[in-house]
Visitor: 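Handing you this structure, nothing more for now.
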Amino acid sequence: MTPVGNWHSFDEKTGELKSLIVITDTGGVLNGRIDKLLRREADQKGVCKECTDDRKDKPMLGLEIIRGAKQADGKEVWEGGKILDPENGKEYALRMTPIEGGKKLEVRGSILFIGRTQTWARAQ
C-alpha cells in the first residue's frame, strides 16, 4: 500500500468531487500535483492567486500541492512533507496514510497541533 497513484479529492462541505491528484515517487520522496479540476464551476484556466512562494500565479492544472513526503520507518505512513491548500495559499505539515487496502488515502494537514484530515479515493 502506497500513496503513489491517482486520487480523487472531495469538497469537505458538499462532498462534491473536487480534483484529480497524481502522486509520484522520485527516489523515495513523494510529490503530488493537480491533474484535473473536476468541480462543475472550476476555472480550468485559474491560477494560484493565494500562493506566496514559487507557485504564486502558476496554473492550478499541474500545480504541485504535495512536496517532500517520505515513508516513516517501518510504517505505512508518509510524512515530513508539506501540503498546499491552493484556496488559501497556506502550507501545512503533511501525513498520508493508505486505508481500506489502499483504496483510500487519509491526508492530514496540520500546523502545530491543529489540523484537518481529508479522505481521498483512489481513481480507477
Side-chain angles (χ1 to χ4, degrees):
M1 292 197 314
T2 171
V4 172
N6 300 336
W7 298 93
H8 284 142
S9 67
F10 301 87
D11 185 286
E12 291 174 89
K13 293 180 179 87
T14 67
E16 181 185 7
L17 199 54
K18 188 174 177 181
S19 57
L20 176 66
I21 310 295
V22 176
I23 299 176
T24 57
D25 181 330
T26 305
V29 178
L30 302 189
N31 296 300
R33 62 178 165 73
I34 299 172
D35 194 59
K36 291 182 184 172
L37 299 174
L38 300 172
R39 284 188 193 166
R40 280 186 291 268
E41 75 281 357
D43 179 2
Q44 299 296 323
K45 296 185 189 299
V47 298
C48 192
K49 295 177 184 153
E50 301 299 322
C51 293
T52 58
D53 59 9
D54 61 302
R55 295 170 280 200
K56 180 155 184 66
D57 296 325
K58 295 283 195 271
M60 294 296 264
L61 288 176
L63 189 70
E64 191 173 57
I65 61 166
I66 293 173
R67 288 182 170 172
K70 295 180 183 172
Q71 187 170 9
D73 285 339
K75 298 180 184 173
E76 289 188 347
V77 173
W78 282 257
E79 55 193 6
K82 298 281 187 184
I83 187 164
L84 170 75
D85 181 343
E87 292 179 8
N88 65 21
K90 293 182 181 172
E91 260 195 325
Y92 301 90
L94 172 65
R95 181 180 178 97
M96 298 184 292
T97 309
I99 58 173
E100 295 183 25
K103 293 178 185 165
K104 294 189 177 178
L105 184 66
E106 278 187 354
V107 181
R108 179 160 181 80
S110 59
I111 295 178
L112 298 173
F113 299 106
I114 300 167
R116 69 181 202 250
T117 302
Q118 293 182 340
T119 301
W120 294 357
R122 191 174 292 277
Q124 299 303 324

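The first residue of the sequence shown is numbered 1, and numbering continues consecutively from there.
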Visitor: Checking K58 side chain against C48 main chain: does a donor-acceptor pair fall under 3.5 Å?
Guide: no
Visitor: Check whether any side-chain N or O of R122 sits under 3.5 Å from a backbone N or O of N6 as a donor-acceptor pair, and report yes or no.
Guide: no
Visitor: Looking at every heavy atom in both L63 and R55, which two are closest together, and how far apart are they?
Guide: CD1-CB, 3.7 Å
Visitor: Verify, without hydrogens or angle tests, whether N31 (side chain) and G68 (backbone) share a donor-acceptor contact under 3.5 angstrom.
Guide: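 Side chain of N31 to backbone of G68: a pair is present.
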Visitor: May I ask you to check whether over 12 heavy atoms, not counting those of K56, lie within 6.0 Å of atom NZ?
Guide: yes
Visitor: Which ILVMFWY residues can you reach from I114 by hopping between side chains whose heavy atoms are under 4.5 Å apart?
Guide: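 For I114, no cluster forms, as it stays isolated from other hydrophobic side chains.
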Visitor: Would you please name every residue forming a side-chain hydrogen bond (donor to acceptor under 3.5 Å, both in side chains) with D54, sequence neighbours left out?
Guide: R67
Visitor: Find the distance between NE2 (H8) and OG1 (T119) and round it off to the nearest 0.5 Å.
Guide: 15.0 Å
Visitor: How many angstroms lie between atom CG of L17 and atom CG of D11, to the nearest 0.5 angstrom?
Guide: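 Rounded to the nearest 0.5 Å, the CG-CG separation comes out at 10.5 Å.
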Visitor: Among all residues two or more places apart in sequence or in another chain, which pass the side-chain hydrogen bond (donor to acceptor under 3.5 Å, both in side chains) test with K18?
Guide: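 For K18 the side-chain hydrogen bond (donor to acceptor under 3.5 Å, both in side chains) partners, ignoring immediate neighbours, are E87.
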Visitor: For residues M60 and L20: do they belong to one hydrophobic cluster (side chain heavy atoms under 4.5 Å, members Ile, Leu, Val, Met, Phe, Trp, Tyr)?
Guide: no
Visitor: I'd like a table of donor-acceptor pairs (distance under 3.5 Å, sequence neighbours excluded) in which one partner is a side-chain atom from residues 101-113, with atom names and distances.
Guide:
residue, atom, partner, partner atom, Å
R108, NH1, T117, OG1, 3.0

Visitor: Tell me, please, which residues at least two apart from D35 pass side-chain hydrogen bond (donor to acceptor under 3.5 Å, both in side chains).
Guide: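 With neighbours one apart ignored, the set is R33.
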Visitor: At what distance, to the nearest 0.5 angstrom, does CG of L84 lie from NZ of K82?
Guide: 11.5 Å
Visitor: Can you name the residues that form a salt bridge (Lys or Arg N to Asp or Glu O under 4.0 Å) with D57, not counting sequence neighbours?
Guide: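 Applying salt bridge (Lys or Arg N to Asp or Glu O under 4.0 Å) to D57 gives none.
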Visitor: Determine the minimum heavy-atom distance between S19 and I34, stating which atoms define it.
Guide: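 Looking at all heavy atoms of both residues, the shortest contact is CB-CG2, 4.3 Å.
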Visitor: For Q118, enumerate each residue passing the side-chain hydrogen bond (donor to acceptor under 3.5 Å, both in side chains) test, keeping only those at least two apart in sequence or located in another chain.
Guide: E12, W120
Visitor: Suppose the criterion is side chain to side chain donor-acceptor pair (under 3.5 Å): which pairs have a residue in residues 93-102, not counting sequence neighbours?
Guide: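 Residue pairs passing side chain to side chain donor-acceptor pair (under 3.5 Å), neighbours aside: E79-R95.
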Visitor: Quick one: side chain to side chain contact (heavy atoms under 4.5 Å, CB included) partners of K45, sequence neighbours excluded?
Guide: D43
Visitor: Just jot down the side chain to side chain contact (heavy atoms under 4.5 Å, CB included) partners of L30, sequence neighbours excluded, or say none.
Guide: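 If we apply the side chain to side chain contact (heavy atoms under 4.5 Å, CB included) test to L30, skipping adjacent residues, the hits are P3, V4, I23, D25, A69, W78, M96.
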Visitor: Might you point out which heavy atoms bring E50 and P86 nearest each other, and give the distance in Å?
Guide: CB-O, 4.1 Å
Visitor: Would a single hydrophobic cluster contain both I66 and L61, if residues Ile, Leu, Val, Met, Phe, Trp and Tyr are joined by side-chain heavy-atom contacts under 4.5 Å?
Guide: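 Yes.
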Visitor: Just to verify, what does K90 make a side chain to side chain contact (heavy atoms under 4.5 Å, CB included) with, not counting sequence neighbours?
Guide: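 For K90 the side chain to side chain contact (heavy atoms under 4.5 Å, CB included) partners, ignoring immediate neighbours, are N88, Y92.
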Visitor: Just to verify, what does A42 make a side chain to side chain contact (heavy atoms under 4.5 Å, CB included) with, not counting sequence neighbours?
Guide: L37, R39, Q44
